[in-house]
Chemist: 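Sharing a structure with you now.
All values reported here derive from a predicted model rather than from experimental measurement. Heavy atoms only: backbone and side chains are in, while hydrogens, waters and symmetry mates are out. Each chain gets a letter, A, B and so on, in the order its sequence line appears, and its residues count up from 1.
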There are 2 protein chains.
Amino acid sequence: MNIAPRLLQSFLALAHCRNFTEAATRMHMSQSAFSQAIARLESQVGVKLFDRSTRSVSLTPEGKLLVPMATRLERDIALMFQELHDHADRKKGKVAIAAPPGASADWLPRVMANFQRRHPGIQLQLHDTYSDRILELVRNGTVDFALNREIERPEEFDVCKLFDDPHYLVCPQDHPLAKEKSIRVAQLAGENYIHLLRGSNLWQRLYPHLSRVAIRDTGFELNNMSTAAGLIANGMGVTIVAGQSLFNYQRLGLAAVLVSDADLRNSGLYLLKRRGHSLSVAAQGLREMIEADKPVLPATQRPAARRQGRTRAG
Amino acid sequence: MNIAPRLLQSFLALAHCRNFTEAATRMHMSQSAFSQAIARLESQVGVKLFDRSTRSVSLTPEGKLLVPMATRLERDIALMFQELHDHADRKKGKVAIAAPPGASADWLPRVMANFQRRHPGIQLQLHDTYSDRILELVRNGTVDFALNREIERPEEFDVCKLFDDPHYLVCPQDHPLAKEKSIRVAQLAGENYIHLLRGSNLWQRLYPHLSRVAIRDTGFELNNMSTAAGLIANGMGVTIVAGQSLFNYQRLGLAAVLVSDADLRNSGLYLLKRRGHSLSVAAQGLREMIEADKPVLPATQRPAARRQGRTRAG
DNA sequence: CACACTTACGATATTCGTAAGGATT
DNA sequence: AATCCTTACGAATATCGTAAGTGTG
């Protein structure tokens, strides 16, 4: 039961031409090989398909029966190939990714827009959400891959660092620490601290530091960084954010001072996916574009200059 | 684009087992050949279909995409084979034949019933009609083949004689000619002649004879032989019919006398089909059964004994 | 006798199995 | 060390093309 699609094509060609020589030409083979092919087909299906006297070729009743079935089959096979090749060529496909809000606000959408322009047939989806949810989306396969900050058990995933993204203290320009090159969390003793979402990745990371320092928790728990920025600009306190989110605060002219505690200083953005599961061709394409287009954020650079990530559209 | 169905089966087997060794066993091939087959498939479709680390095998996104398409395709291929094999094995099919009323009345239905018992899946159709219509049905392919008497241009068809079926004069037992061994048409001078359908095959054949003899045409033109039989039994005239239709008259105890004019004496029943077009497997089966089961009508046999055609059911 | 399909036969390509290699647990 | 997939290589099979054969108009 192992009929080559090429044989079906030959059958249909002959059914159409009713002439071995012409059909053979159409199949790009010698007339003799074509004759053998038809004979082989007939022996495989177990019935004569053509009546041929040297001067005329016509379908037997069983041949007539096969025509519509073979036609449908040939079309389905072609469609299957088309579909796979379209995916291989990135003309079709879906990519879903997840990322924290900082990445999702500015840089990532720009990369995704570039990708969309280059591969208009691929459907993109972005989940901007918090760390634990991101991990869940990767685990259950809802997204092809994700961007995230440092996570607890990186061995569960395939992880690779995209770029460094250290944390900064955000405070008013006239704040005593604003002129420092860098600070340590310990220096925040006595400050009012404004938390963003409690339980977030950042909160989990800051907590051990802050709890050791005599900091005054303002009790705020905010969803939007623009709210935090407004509060800080009006002297209500300070906060710490990753470099990638600084733009929310610079809009209001706030100062940003590098935090030099090791884990906050060395943090960065990572790309992660399920272990042992390769990416779809489409997802791999987006991944490569993300890796090629990541913003340059050298550790020593002052935050005011950070928007110069190069754009590489094709 | 020439993917062997066997490759698709291999793909589905591996997709299901997620284990090369087991899937290879299921496909009855060595694990190595199976590995090569999968690699070949991947190169043909142009994308990796499986993620394999020595300890686990899983589908890539493109592999997942292929599963439903391959499943459908495999099923369609199997159905195609099933259909063709069912026809080759005479488990399915249609046979339409045409025959003149004489053959259709008794002998042919018996053969068809035998065929139906042996091949219950094959749909049978019988057109009982007159000669010209029979030829038309064969010509345009409405019927697979037909039974008919001598025709004008036999070279138009593939014709082969089934059996002799000479003509008989039908008259009352007390008719002067009833005791003859055989007669010639010329002896019917002065008789009242009862025609069946004018323009029929029989009429066309009798006309040259009757027109040369001083016969009184009764003017009747009948559709049913039983009517003719009634008329003859009541002394209204005589007629001539083929042996196969005699049963209509013997029921009323009428006499039948062989007509010895050459063309009426030597007539018979023929099987005919389109030239150069082979019969379907099913039709060929019926044809063979017809040829094997034809009634024995030796020329010298008296009509009263003619119902002894043997039945060959299996 | 010319045309169109089939058969014969040697060359090439594909597919398969045994055996060795490599990687992961 | 055991297990599972891949690679290497020779053997078997399938397919193809050239050329000769066959039958029909």
Chemist: Provide a list of protein-nucleic acid N or O atom pairs under 3.5 angstrom, restricted to nucleotides 21-24 of chain D.
Modeler:
unit_1	atom_1	unit_2	atom_2	d
dT24(D)	O4'	Thr54(A)	OG1	2.9

Chemist: Go through residues 27-42 of chain B and report each residue with a non-hydrogen atom lying under 4.0 Å from DNA chain D, sorted by number.
Modeler: Gln31(B), Ser32(B), Ser35(B), Gln36(B)

Chemist: Partners of Arg90(B) by side-chain hydrogen bond (donor to acceptor under 3.5 Å, both in side chains), sequence neighbours excluded?
Modeler: none

Chemist: Just grab all the ring pair (Phe, Tyr, Trp, His ring centres under 6.0 Å) pairs involving residues 44-70 of chain B, residues at least two apart or on different chains.
Modeler: Phe11(B)-Phe50(B)

Chemist: Report yes if the side chains of Pro100(A) and Leu147(A) come closer than 4.5 Å at any heavy-atom pair, otherwise no.
Modeler: yes

Chemist: Nearest whole angstrom, please: distance from the P of dT24(C) to the CG of Asp51(B).
Modeler: 14 Å

Chemist: Whole Å only: how far is the CZ atom of Arg52(B) from the P atom of dT25(C)?
Modeler: 17 Å

Chemist: For Asp86(B) and Lys92(B), indicate whether the former's side chain and the latter's backbone hold a donor-acceptor pair under 3.5 Å.
Modeler: no

Chemist: Please find out if less than 6.0 Å separates the ring center of Trp203(B) from that of Tyr130(B).
Modeler: no

Chemist: Report the C-alpha distance between Arg52(B) and Glu42(B) in whole Å, list the side-chain angles of each, state the deciding distance to 0.1 Å, and finish with yes or no for salt bridge (Lys or Arg N to Asp or Glu O under 4.0 Å).
Modeler: CA-CA 13 Å; Arg52(B) 49 263 215 204; Glu42(B) 288 182 325; 2.8 Å; yes

Chemist: Does Arg6(B) put a side-chain nitrogen or oxygen below 4.0 Å from OP1 or OP2 of dC16(C)?
Modeler: yes

Chemist: Which residue lies toward the 5' end of DNA chain D, Ala4(A) or Glu22(B), if each is placed at its nearest nucleotide?
Modeler: Glu22(B)

Chemist: Which nucleotide wins on minimum distance to the side chain of Asn19(B), given the candidates dC16(C), dC5(C), dC5(D)?
Modeler: dC5(D)

Chemist: Starting from C1' on dG25(D), measure out to CD on Glu155(B) and report it in whole angstrom.
Modeler: 16 Å

Chemist: Who are the salt bridge (Lys or Arg N to Asp or Glu O under 4.0 Å) partners of Lys161(B), not counting sequence neighbours?
Modeler: Asp164(B)

Chemist: Run the side-chain hydrogen bond (donor to acceptor under 3.5 Å, both in side chains) test against Ser35(B) and tell me which residues pass, sequence neighbours left out.
Modeler: none

Chemist: Grab the CZ-P distance between Phe20(B) and dA23(C) for me, whole Å please.
Modeler: 17 Å

